[in-house]
Amino acid sequence: MATNVTQPGWVTVHGVRMEVVERGQGRPILWLHGEDGLDPGAQFLDLLGAHGSVFAPSHPGFGHSPDVASIDTVDDLSYLYLDLLADRNLRDVTVVGSSLGGWIAAEMAVKCSDRFSGLVLVAPLGIKVGDRETRDIPDIFALPPDEVTRLQYRDPAKARNREATALYAWEPYFHNPKLRQWLHRIKLPTLLLWGADDRFVTAAYYGDAFRTAIPGSRFETIAAAGHFPHIEAPAALVERVSGFIGERKA
């Protein structure tokens, strides 16, 4: 992977072209962004690049990555990124996914984790916790944007990328009805990270459901952060991720 790349580059996987940010060098780290999209200038990317070779693509339809007619579900995205790891012959990869990206990462790990060394899910979406009549996740498409921002951020001063999010997460809303029953297939070391002030999917309710569904997973919270701790508490997030990576090296 490239080192100290400031401007995004491009990667093509089986005809799917994606904008990609690369940072650092060493053992590979795949960052899968959430519905907030990927900011190439985000501080956490540089901080994370001090601990490995970060590869952070923008999903099709996000950022400058073009839409792809054949990629319109999270299931498609999970296979796309498994193909990416294979095409680049990446092994011992720490896969880190935030929110929507955490859902993608979980779907990848359920299917095939041969190239993973560890999995970090940062406030992942993707499962149904309550019954059919219970809405686990607030409807971001029905709520006013200001209210969505208030729910997702501890400090409501950041947001974006709604159309692509709707493509992947509209129906069924932000989950795969069958994912929860297959999370037991994830056998690799898994760290669940949650912003302590997440009002979008709370640590106590949604986070605990992930913890109990993934055998041996570890659950930690990050203070002074909402749903996107990589934005609100980047140093704290990277400290947790780098510590987890360090355990894999030992």
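Predicted model only: the values in this text are computed from it and were never measured.
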- Any idea how H184 and W182 line up, ring-wise: parallel (<30°), tilted (30 to 60°), or perpendicular (>60°)? tilted
- Item | Whether W31 and F44 hold their rings parallel, tilted or perpendicular, with breakpoints at 30° and 60° | tilted
Please report the shortest heavy-atom distance between [X] and [Y], naming the atom on each side.
X	Y	answer
I214	L121	CD1-CD1, 3.9 Å
I127	A209	CD1-CB, 4.0 Å
L32	P57	CD2-CG, 4.5 Å
I186	P215	O-CD, 3.8 Å
V13	M18	CG2-CE, 4.2 Å
R180	K128	NH1-O, 3.2 Å

- Message: Strictly below 4.0 Å, N to O, side chains only: are E247 and R218 in salt-bridge contact?
- Response: yes
- Got a sec, which residues hit salt bridge (charged side-chain N to carboxylate O under 4.0 Å, His left out) with E239, two or more places apart in sequence or on another chain? none
- Not counting sequence neighbours, which residues clear salt bridge (charged side-chain N to carboxylate O under 4.0 Å, His left out) with D75? List them please. K111
So, do [X] and [Y] sit near enough that their side-chain heavy atoms are less than 4.5 Å apart?
X	Y	result
F174	V201	no
L48	I29	yes
L125	E35	yes

- Got a donor-acceptor contact below 3.5 angstrom from the T212 side chain to the D208 backbone? yes
- Query: Where the side chain of R91 meets the backbone of R115, is there a donor-acceptor pair that is under 3.5 Å apart?
  - Reply: no
- Run the ring-centre check on Y168 versus H59 and record whether the distance is less than 6.0 Å. no
- Aromatic ring proximity, centroids under 6.0 angstrom, H227 and W194: no
- When R27 is tested against each of D92, V93, T94, I245 for side chain to side chain contact (heavy atoms under 4.5 Å, CB included), which residue passes? D92
